[in-house]
Amino acid sequence: QQPVQSPQAVILREGEDAVINCSSSKALYSVHWYRQKHGEAPIFLMILLKGGEQKGHDKISASFNEKKQQSSLYLTASQLSYSGTYFCGTDEAGGTSYGKLTFGQGTILTVHP
Amino acid sequence: NAGVTQTPKFQVLKTGQSMTLQCAQDMNHEYMSWYRQDPGMGLRLIHYSVGAGITDQGEVPNGYNVSRSTTEDFPLRLLSAAPSQTSVYFCASSYLGAGGYTFGSGTRLTVV
């Protein structure tokens, strides 16, 4: 089942912060986050495994609440280069996980000067 | 390292024609998959493979076939193209159960 992302779109000015949420109705083994720029392939940002860990990547970090099957992506002090569509991908728990991902519908992030 | 290589980048087919989209990776990844991307619908899984000789269906497998004879290659075959298969197709690979996907640059397919 496809995870649900919110919001669908975000408009920021450089330096502002944003949070993108990803919610699933299924128990999850892991959550991935990707960014895709127009006309390009998605690029991997980070993976969070069950255990409620939080990860960081420069000014981009994420958390994973496995009890609520939710993950959030935090973008702080946004830069123009952050513009793009962000996707979460979820890997359902149960048995051996081999990384088969179901992606959300995406969140379009636009950063203006 | 070339990563994940997809060919062709663009293709126009007539309804009823068949073709194969090629995907090759040089990272020795066990897991490979095909997704299609349509506006507003994110990435939907077509077929995937956890190793040579092993394939399985994803969310939208109808009209597509795959095979995995080697670790490196995972071609996607369209049996009889339909306008509903107009989309951007991405191939992705990863280590089993660990690490993120590496995506190919995509194939933009139009069926007229």
Side-chain angles (χ1 to χ4, degrees), chain A residues 1-9 20 22-24 26 28-51 55 57 60 62 64 71 73 84-108, chain B residues 2-7 9-10 21 23 25 27 29-52 54-61 66 68 71 74 87-108:
Chain A
Q1 188 144 0
Q2 188 179 34
V4 177
Q5 288 184 231
S6 63
Q8 290 187 323
I20 300 171
C22 176
S23 179
S24 174
K26 305 266 189 176
L28 301 177
Y29 174 79
S30 69
V31 179
H32 295 215
W33 286 97
Y34 294 79
R35 177 171 62 212
Q36 183 180 31
K37 294 195 179 277
H38 185 69
E40 299 180 6
I43 300 296
F44 172 68
L45 295 176
M46 64 188 77
I47 180 174
L48 299 105
L49 303 178
K50 66 178 182 179
K55 288 192 119 175
H57 186 276
I60 301 175
F64 176 27
S71 178
L73 184 72
T85 302
Y86 289 78
F87 293 98
C88 68
T90 56
D91 183 9
E92 295 174 13
T96 301
S97 174
Y98 41 76
K100 185 180 98 172
L101 295 184
T102 302
F103 285 92
Q105 80 279 17
T107 295
I108 300 171
Chain B
V4 179
T5 302
Q6 284 186 241
T7 56
K9 292 193 183 303
F10 302 93
L21 308 186
C23 175
Q25 52 93 9
M27 298 170 284
H29 284 167
E30 305 95 340
Y31 181 81
M32 296 185 74
S33 56
W34 278 100
Y35 286 85
R36 60 177 289 173
Q37 185 172 37
D38 302 295
M41 302 192 71
L43 295 144
R44 291 185 293 168
L45 182 63
I46 304 171
H47 285 285
Y48 64 96
S49 169
V50 299
I54 306 169
T55 64
D56 206 347
Q57 297 180 349
E59 180 188 354
V60 288
V66 292
R68 183 107 177 260
T71 300
F74 191 44
S87 188
V88 180
Y89 291 85
F90 287 102
C91 177
S93 72
S94 73
Y95 291 112
L96 272 181
Y101 283 8
T102 299
F103 282 86
S105 57
T107 296
R108 186 173 295 274

For [X], is it the side chain, the backbone, both, or neither that has a heavy atom closer than 4.5 Å to a heavy atom of chain A?
| X | answer |
| --- | --- |
| B:Ser105 | backbone |
| B:Glu30 | neither |
| B:Leu43 | both |

Side chain, backbone, both or neither of [X] within contact of chain B (heavy atoms, under 4.5 Å):
| X | result |
| --- | --- |
| A:Gln8 | neither |
| A:Glu40 | backbone |
| A:Leu45 | neither |

- Side chains of B:Gln37 and A:Gln36, donor plus acceptor under 3.5 Å: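 Their side chains do contain a donor-acceptor pair, which is all the 3.5 Å distance test asks for.
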- Item | More than 12 heavy atoms of other groups within 6.0 Å of B:Arg108 CZ |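 At most 12 heavy atoms, drawn from other residues, nucleotides or ligands, come within 6.0 Å of this atom.
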- Query: What pair of heavy atoms forms the shortest contact from A:Leu49 to A:Ser30, and how long is it?
  - Reply: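 It is CD2-CB, 3.7 Å.
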- Evaluate the ring planes of A:Phe103 and A:Phe87, with Trp represented by its six-membered ring, and classify them as parallel (under 30°), tilted (30 to 60°) or perpendicular (over 60°).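 Aromatic pair A:Phe103/A:Phe87 classed perpendicular.
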- Highest number of heavy-atom pairs under 4.5 Å with chain B: which of A:Gly89, A:Ala41, A:Gly104, A:Pro42?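 Max contact count across the listed options: A:Pro42.
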- Message: Centre-to-centre under 6.0 Å for B:Tyr101 and B:Tyr31, is that the case here?
- Response: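 Yes, close enough.
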- Query: Mind checking what makes side-chain contact (heavy atoms from CB on, under 4.5 Å) contact with B:Gln57, not counting sequence neighbours?
  - Reply: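 By the side-chain contact (heavy atoms from CB on, under 4.5 Å) rule, B:Gln57 matches B:His47, B:Pro61.
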